[in-house]
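Count residues from 1 along the sequence. Just so it is clear, the model here is predicted, and its values are computed rather than measured.
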Amino acid sequence: MPTEPVAQHIRSLFEAGTSWPQLTEAANCSTSTIYRILGGQPLTRRSVAERILAVRPAPDPRASTGTVGARRRIQALISIGHTVVGIAVDSGVDSTTINAILNGRKLSARHETVERIKRTYDRLSTRPNEEARPAAITASRNRAVRQGWKDPLWWEDMGHIDDPDFDPGSAEKALSRNELAALRRAEVEHLASFGFNAEEIDDRVDLALSSIKGILLELRTGQRRDRTKAAA
């Protein structure tokens with residue numbers, strides 16, 4: 001493949017602030033490959049050219065961006081017992097800023113701040129809080145219940161966590177009965193993995209307590225109930 005369009009793209013990336021390490025990592029190629037392309041090498045492998053052309057300039061970390069996704073991620077972490085202080089420590093973002101985003105007082109923030117919160121979410125959303133005091137963990141969970149905040153699994157299932165036009169409050173209305181049942185079961189199993197008991201799960205999931213207890217029993221025994229026989 002002719003190299004000149006690729007070389008022009010590389011120069012534009014550098015002008016936009018992309019660094020050598022960022023480019024080589026994103027394009028999965030060596031610095032020597034970049035040097036040869038910029039040095040006038042007439043042809044390059046198509047696969048290499050396509051990977052380089054697919055790289056887009058990294059956002060300016062000082063630029064501002066919306067905080068909808070950051071706020072939802074903080075809410076989701078709190079719903080499984082993480083605290084504002086813990087999120088601040090893990091992300092390196094001041095707790096005052098975390099609170100301002102969480103409470104909707106800060107509708108935009110530096111891109112770097114939002115990315116830090118996203119990385120913290122990726123680290124903490126799949127594991128329970130084992131560092132805070134039990135009372136603090138319970139307080140976080142209860143706060144999320146009062147506010148109706150969704151947990152990480154809900155967002156994983158529904159998607160759109162960064163979409164400001166997406167309304168979590170009405171999203172489940174579009175699901176079929178079977179889809180909603182599967183979502184509820186997944187939420188119960190997810191919360192159980194974080195140590196929630198049946199009554200605590202009942203506060204968070206729109207499902208009958210008897211059904212929640214049945215799911216938890218199935219998790220403990222490894223056997224699913226035959227609902228056809230149960231109904232007979």
Side-chain angles (χ1 to χ4, degrees), residues 68-87 90 98 102-103 117-232:
V68 169
R71 180 164 61 257
R72 289 169 175 171
R73 287 180 173 89
I74 296 168
Q75 292 172 348
L77 289 177
I78 290 174
S79 77
I80 57 173
H82 291 284
T83 64
V84 167
V85 172
I87 295 168
D90 188 274
I98 296 291
L102 175 62
N103 296 327
I117 293 171
K118 183 177 181 179
R119 289 194 293 270
T120 285
Y121 179 81
D122 291 341
R123 284 190 293 269
L124 301 184
S125 61
T126 56
R127 64 175 190 253
N129 186 353
E130 298 177 345
E131 298 178 2
R133 293 178 294 107
I137 294 172
T138 299
S140 287
R141 292 173 171 177
N142 290 341
R143 181 183 183 185
V145 171
R146 291 194 303 272
Q147 299 293 334
W149 294 339
K150 306 301 184 182
D151 64 36
L153 183 64
W154 190 93
W155 283 110
E156 181 180 340
D157 288 339
M158 301 301 292
H160 304 284
I161 194 168
D162 292 302
D163 183 357
D165 296 324
F166 178 73
D167 178 16
S170 61
E172 294 178 0
K173 296 177 181 178
L175 297 177
S176 69
R177 181 177 179 180
N178 288 340
E179 290 172 332
L180 188 57
L183 176 62
R184 294 286 184 252
R185 182 182 181 88
E187 286 186 281
V188 171
E189 294 177 352
H190 180 67
L191 291 171
S193 72
F194 281 87
F196 288 80
N197 61 37
E199 287 71 22
E200 290 172 326
I201 295 173
D202 186 43
D203 288 336
R204 293 159 174 80
V205 178
D206 185 16
L207 192 63
L209 180 60
S210 59
S211 297
I212 294 172
K213 289 181 176 179
I215 293 172
L216 296 182
L217 178 62
E218 291 172 2
L219 290 175
R220 288 195 297 270
T221 62
Q223 296 181 335
R224 299 195 66 161
R225 295 174 297 167
D226 187 336
R227 288 168 176 75
T228 301
K229 292 181 179 179

Undergrad: So which heavy atom on L216 is nearest to which on A192, and how close?
TA: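 L216 and A192 have their closest heavy atoms at CD2-CB, 3.6 Å.
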Undergrad: Are side-chain heavy atoms of Y121 and P152 found at a separation under 4.5 Å?
TA: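 Counting from C-beta outward, Y121 and P152 do come under 4.5 Å.
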Undergrad: Taking the side chain as every heavy atom from C-beta outward, state whether I80 and L124 have any atom pair closer than 4.5 Å.
TA: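 Contact flag for I80/L124 side chains = no.
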Undergrad: Any donor and acceptor pair, going by atom type alone, linking the side chain of E200 with main-chain N or O of N197 inside 3.5 Å?
TA: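 Looks like yes, one N/O pair under 3.5 Å.
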Undergrad: To the nearest 0.5 Å, how far apart are CZ in R141 and CG in N129?
TA: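 The CG atom of N129 is 8.5 Å from CZ of R141, to the nearest 0.5 Å.
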Undergrad: Whether E218 and R185 form a salt bridge (side-chain N of Lys/Arg under 4.0 Å from carboxylate O of Asp/Glu) is what I want to check.
TA: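 Between E218 and R185 there is a salt bridge, with a charged N closer than 4.0 Å to a carboxylate O.
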Undergrad: I87 vs I78, test: side-chain contact (heavy atoms from CB on, under 4.5 Å). Steps then yes/no.
TA: CA-CA 9 Å; I87 295 168; I78 290 174; 4.2 Å; yes
Undergrad: Do T120 side-chain atoms and I117 backbone N/O form a donor-acceptor pair below 3.5 Å?
TA: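 Checked: no pair found.
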Undergrad: Any salt bridge (Lys or Arg N to Asp or Glu O under 4.0 Å) pairs touching residues 69-78, not counting sequence neighbours?
TA: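 Output for this query lists R73-D162.
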Undergrad: To the nearest 0.5 Å, what is the distance between OG on S193 and CG on L191?
TA: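 S193 atom OG to L191 atom CG measures 7.5 Å (nearest 0.5 Å).
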Undergrad: Heavy atoms, side chains only, cut-off 4.5 Å: are L77 and S125 in contact?
TA: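 In short, these two side chains touch, coming nearer than 4.5 Å.
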Undergrad: Distance check, rounded to the nearest 0.5 Å: D151 atom CG versus Q75 atom CD?
TA: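 Rounded to the nearest 0.5 Å, the CG-CD separation comes out at 12.0 Å.
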Undergrad: For V205 and H190, run side-chain contact (heavy atoms from CB on, under 4.5 Å): C-alpha distance rounded to whole Å, both residues' side-chain angles, the deciding distance at 0.1 Å, then the answer.
TA: CA-CA 11 Å; V205 178; H190 180 67; over 6 Å; no
Undergrad: Hey, what do you get for CZ (F194) to CG (L153), rounding to the nearest 0.5 Å?
TA: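 Interatomic distance, F194 CZ to L153 CG, rounded to 0.5 Å: 9.0 Å.
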Undergrad: Should we count CD of Q147 as having more than 12 external heavy atoms under 6.0 Å?
TA: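 Counting other residues, nucleotides and ligands, CD of Q147 exceeds 12 neighbours.
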Undergrad: Looking at CG of D202 and NZ of K213, how far apart are the two atoms once the value is rounded to the nearest 0.5 Å?
TA: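 D202 CG to K213 NZ: 9.0 Å, rounded to 0.5 Å.
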Undergrad: I want to check something: taking the side chain as every heavy atom from C-beta on, are R143 and V84 in contact at a cut-off of under 4.5 Å?
TA: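 Sidechains of V84 and R143: in contact.
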Undergrad: Tell me whether the guanidinium CZ or amine NZ of R204 lies under 6.0 angstrom from the six-membered ring centre of F196 and within 45° of its axis.
TA: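 Judged by the rule, R204 and F196 form no cation-pi pair.
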Undergrad: Write down the atom of L183, the atom of W154, and the distance for their closest heavy-atom approach.
TA: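 Smallest interatomic distance, heavy atoms only, reads CD2-NE1, 4.1 Å.
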Undergrad: Between F166 and H160, what is the ring plane arrangement, given parallel below 30°, perpendicular above 60°, and tilted in between?
TA: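 Taking H160 first and then F166, their aromatic rings lie parallel (interplane angle under 30°).
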Undergrad: What closest approach, in Å, do D203 and V145 show between heavy atoms, and which atom pair accounts for it?
TA: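 Taking D203 first and V145 second, the nearest heavy atoms are O-CG1, 3.5 Å.
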Undergrad: Show the nearest heavy-atom pair for residues A144 and S79, with the distance to one decimal.
TA: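 That would be CB-CA, 3.4 Å.
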Undergrad: With a cut-off of 3.5 Å and sequence neighbours excluded, list every side-chain donor-acceptor pair involving residues 133-140.
TA:
| unit_1 | atom_1 | unit_2 | atom_2 | d |
| --- | --- | --- | --- | --- |
| T138 | OG1 | P134 | O | 3.1 |
| S140 | OG | H82 | O | 2.9 |
| S140 | OG | A136 | O | 3.3 |

Undergrad: To the nearest 0.5 angstrom, please state how far the OG atom of S210 sits from the CG atom of L217.
TA: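 Spacing of OG (S210) from CG (L217) equals 12.0 Å.
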